[in-house]
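Okay, handing you the structure first.
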Amino acid sequence: MRAKTALWSLAMLIATPGQAQRAAAPVTAASEVTARGETVPVGAGVDADAADDPAIWRNARHPAQSLIVATDKKAGLYVYDLTGKVRSFVPAGRVNNVDLIDMGSQGILVVASDRNNETSALLQLYRLNTSEARLEPLGAVTGGAGEAYGVCLMRDGRVLHAFSVLKDGTIEQVAITLGGSSPLGKIVRTLKLTTQTEGCVVDGRSRTLYVGEEDRGIWAFEAGANASTEGRLVAPVDNTHLVADVEGLALLPAERRGGFLIASSQGDNAYALFSLPGMTPAGRFRIVAGPFGATQETDGIAVAAGFFGADYPDGLFVAQDGDNSPAAQNFKLVSWRDVMRALRP
């Protein structure tokens, strides 16, 4: 979150000698890319911390007609097209993170973490009407006891599994079925991290859940409902490759096991890549000013492979921009080909 990032330098000043020594290690250089597009700003004021998290739906038949669903955490959910134009808006209140998934005959399902009641998290469910670029409300299910923060999705046959990440580090795995007049949700497993937690993403190939603990790093858990609740810290905050806060996580799969996990390294306004499956550091990049503005203090990110039109021929990366002055916060669109060329000139 923005307030925590602003305190990071002060925290380093009052750290123990060992912590200060670790913090003093040089941050690995980040390659530079520029955005090829941006969305219309969210409706909140210029100084409001409102835009938060995007998700991407790729139109396989007409890729240039793909859509972005994104949260205004003070007001609701936007649907944008690739020109950044607002196609629709749902006044859903304080929704923080969002994810979407193709559930086959059940359609493209969108789930947003609902923090309207900070003591009782909900998961809002929608079906994305792709032809009309709008969200159709389906209802809400429990997200656990606490303040809703992150959410990510996994498909298991006809059952949708949502990982509801609460602000205190609790992660509730919720099995959701669509039936009757409203969806049904049941908490089937509880995971726990020690401190504030938000971003998450699931690798459906290995059924691995990755969760970002903001001050400590990225954890991996088995994603099955009956799997162990023990996690592994696979990418610690080292203030060289990954700088706290760890915010949004996104995954770009390649073939059976490869690809990248990307993390918002919010503390230095960069994005850290890790090669899968080993989570080996694989470069860093930063979105700098060009035809569109730079990004700062990024919360949520999303990435999708494939052709999205001439501007995004090898995939699309979307990042929340925490400082889009003089306008309100928005989301920047980046060509994944540009990222790869910057990292591997």
Side-chain angles (χ1 to χ4, degrees), residues 33-42 51-72 76-90 92 95 97-112 125-136 151-155 160 201-204 248-254 259-260 262 264 271 287 291-292 295 298-321 329-341:
V33 300
T34 59
R36 290 182 176 241
E38 65 180 349
T39 67
V40 170
V42 298
D52 197 271
D53 191 43
I56 301 167
W57 173 72
R58 180 176 178 271
N59 186 329
R61 290 188 175 183
H62 305 286
Q65 297 176 23
S66 299
L67 300 170
I68 299 164
V69 180
T71 60
D72 176 340
L77 288 158
Y78 286 91
V79 179
Y80 299 100
D81 62 26
L82 295 191
T83 71
K85 177 183 175 182
V86 176
R87 298 293 304 276
S88 62
F89 175 74
V90 175
V95 287
N97 278 194
V98 66
D99 198 8
L100 60 78
I101 193 167
D102 187 345
M103 290 295 290
S105 62
Q106 299 178 79
I108 308 299
L109 297 189
V110 175
V111 180
L125 274 79
Y126 301 85
R127 183 175 286 109
L128 178 61
N129 184 324
T130 57
S131 61
E132 298 182 15
R134 61 182 176 86
L135 296 171
E136 300 172 344
V151 67
C152 53
L153 306 176
M154 177 183 75
R155 180 178 178 178
L160 172 64
V201 68
V202 179
D203 188 340
L249 301 181
L251 192 139
L252 188 73
F260 297 105
I262 308 107
S264 171
Y271 309 93
I287 302 171
F292 303 93
T295 58
T298 293
D299 285 334
I301 58 175
V303 68
F307 181 74
F308 282 82
D311 284 337
Y312 312 102
D314 294 334
L316 172 65
F317 178 79
V318 180
Q320 181 259 7
D321 185 4
Q329 295 178 346
N330 72 347
F331 300 87
K332 299 296 194 286
L333 281 62
V334 175
S335 167
W336 192 250
R337 176 179 290 184
D338 292 346
V339 174
M340 289 291 96
R341 284 178 172 175

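Reckoned from all heavy atoms, side chains included, excluding hydrogens, waters and symmetry mates.
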Handout entry: Asn129 side-chain N/O to Arg134 backbone N/O, donor-acceptor pair under 3.5 Å
Key = no

For residues 101-109, which side-chain N or O atoms pair as donor and acceptor with protein atoms under 3.5 Å away, sequence neighbours left out?
from	atom 1	to	atom 2	distance (Å)
Asp102	OD1	Gly104	N	2.9
Ser105	OG	Arg158	NH1	3.3
Gln106	NE2	Arg158	O	3.2

Practice task
For residues Val339 and Val334, determine if any side-chain heavy atom of one lies less than 4.5 Å from a side-chain heavy atom of the other.
Solution key: yes

Practice task
Indicate the atoms forming the closest heavy-atom contact of Asn330 with Thr39, along with that distance.
Solution key: ND2-O, 3.0 Å

Problem - Contacts of type side chain to side chain contact (heavy atoms under 4.5 Å, CB included), residue Ala51, not counting sequence neighbours - result: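 If we apply the side chain to side chain contact (heavy atoms under 4.5 Å, CB included) test to Ala51, skipping adjacent residues, the hits are Val42, Gln320, Gln329, Phe331.
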
Exercise for the section: Using the test ring pair (Phe, Tyr, Trp, His ring centres under 6.0 Å), find all partners of Phe292 that sit at least two apart in sequence or belong to another chain. Expected result: none

Practice task
Kindly indicate whether the side chain of Val111, heavy atoms from C-beta on, has any atom under 4.5 Å from the side chain of Leu160.
Solution key: yes

Problem - Smallest separation among heavy atoms of Ala305 and Arg58, with atom names - result: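 Taking Ala305 first and Arg58 second, the nearest heavy atoms are O-CD, 3.5 Å.
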
Problem - Which residues share a salt bridge (Lys or Arg N to Asp or Glu O under 4.0 Å) with Asp321, sequence neighbours left out - result: Lys332

Problem - Exercise: identify the closest heavy-atom pair between Val95 and Gly76 - result: CG2-O, 3.5 Å

Handout entry: Thr34 and Asp338, any side-chain heavy atoms less than 4.5 Å apart
Key =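 No. Closest side-chain heavy atoms not under 4.5 Å.
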
Exercise for the section: Please name all residues satisfying side chain to side chain contact (heavy atoms under 4.5 Å, CB included) with Phe260, sequence neighbours left out, ordered by chain then number. Expected result: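 Expected list: Ile262, Leu273, Ser275, Ala282, Trp336, Met340, Arg344.
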
Identify all side-chain donor-acceptor contacts of residues 307-317 below 3.5 Å with residues at least two apart in sequence or on another chain.
from	atom 1	to	atom 2	distance (Å)
Asp314	OD1	Arg337	NH2	3.4
Asp314	OD2	Arg337	NE	2.6
Asp314	OD2	Arg337	NH2	3.3

Problem - Student check: side-chain heavy atoms of Val202 and Leu153 closer than 4.5 Å - result: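 Not in contact.
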
Problem - Side-chain (Thr71) to main-chain (Asp53) donor-acceptor, under 3.5 angstrom - result: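 Yes, Thr71 side chain to Asp53 backbone: donor-acceptor pair under 3.5 Å.
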
Completion exercise
Between Ala250 and Val303 the two heavy atoms that sit nearest each other are CB-CG1, 3.7 Å

Problem - Asp99 side chain to Val151 backbone, donor-acceptor under 3.5 Å - result: no

Handout entry: For the student: nearest non-hydrogen atoms of Ser88 and Leu135, plus distance
Key =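 The pair with the smallest heavy-atom distance is OG-N, 4.3 Å.
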
Practice task
Evaluate the side-chain proximity of Ile287 to Tyr271: yes if any heavy-atom separation is below 4.5 Å, no if none is.
Solution key: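 Tyr271 vs Ile287: side chains touch.
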
Exercise for the section: Determine yes or no for a side-chain-to-main-chain donor-acceptor pair under 3.5 angstrom, with Thr298 supplying the side chain and Ser264 the backbone. Expected result: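 Answer holds: no.
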
Problem - Closest non-hydrogen atom pair between Ala35 and Pro291, with its separation - result: O-CD, 4.3 Å

Handout entry: pair Val86-Tyr80: side-chain heavy atoms closer than 4.5 Å
Key =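 Touching, per the 4.5 Å side-chain cut-off.
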
